[in-house]
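Everything numeric in this text was worked out from a predicted model, so none of it was measured. Each ligand, and each atom within it, is numbered from 1 in the order the structure gives.
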Amino acid sequence: MKFFIDTANLEEIKKAYKIGVLSGVTTNPSLVAKEGVKFEDRIAEILNAVPEVESVSAEVTPNALTAEQMIAEANELIKINGGDKNITIKVPMTLDGLETCRYLTKKGVKTNVTLIFSVNQALLAARAGATYVSPFLGRLDDINEDGVELVAKIAEMFRVQNLDSQIIAASVRHPDHVTRVAMAGAHIATIPFKVIEQLSKHPLTDQGLEKFAADWKTV
Ligand code: E4P
């Protein structure tokens, strides 16, 4: 399973990229709004900051409701930085989003269908040619449903149906989510920087380092 970072914060993206485990970046309108920056400028900055990843997701705005509007926005987004091949257009899981996904796929543009909460939605998105489908597990857990189970079911359905869209486990809230979606067959987990940090920690690692440091003083 690969790691994407789920943020529009440039400093966090740069820090995660430096570690060398990052394969992509996902943003959404809420994450961009939090940064108080111009959307297109931030996407350009992100693309420049992470040249060796496979994908940077830029979502069409919530103002674009029809396929025509989404396609018009997507056609502007794909021009950023002179047409960066890593840009991935994120579209919502609606019929218009699917139409936009099909249009972009035919054009050779990578797509990420977002706000997936059922196996059927993932199937539709894959049939529309989505490069990535994003089931939101944390938000399902929030309403007392099992987000990891959804990821497992989508992974099994893609296997049985021989579909090659990649599953991005999204709305990941803690390290246990990461372990469980990796076991469930997600291709990618998109995670906040805080969770990347948490993944690297173990109390026995800290204790071990303290002991090495104490022993080394006696050398
Ligand atoms: C994924 O692409 C989304 O940006 C994200 O994972 C949403 O997570 P949230 O439920 O924590 O907002």
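Here's the thing with S134: none of its N/O atoms is less than 3.5 angstrom from an N/O atom of ligand 1.
With salt bridges taken as basic N to acidic carboxylate O contacts below 4.0 Å, one links E76 and K79.
Contact annotation: the side chain of E59 never approaches that of T26 to less than 4.5 Å [non-hydrogen atoms, C-beta and beyond].
Closest protein heavy atom to atom 11 (O) of ligand 1: R173 NE, 3.6 Å. With respect to atom 12 (O) of ligand 1, the closest heavy atom belonging to the protein is R139 NH2, 2.8 Å. In terms of protein heavy-atom proximity, atom 7 (C) of ligand 1 is nearest to F136 CE2, 3.5 Å. Considering only non-hydrogen protein atoms, atom 2 (O) of ligand 1 sits nearest to K90 NZ, 2.7 Å.
Distance check, rounded to the nearest 0.5 Å: CD1 of I46 to CG of D84 gives 11.5 Å. Rounding to the nearest 0.5 angstrom, the gap separating the NZ atom in K15 from the CG atom in L22 is 13.5 Å. Here CG of D146 is found 5.5 Å from CZ of R180. Values are rounded to the nearest 0.5 Å.
Remark: among candidates P135, A8, S171, the nearest residue to atom 8 (O) of ligand 1 is S171, based on non-hydrogen atoms.
The shell of residues lying under 4.0 angstrom from ligand 1, judged by heavy atoms, includes D6.
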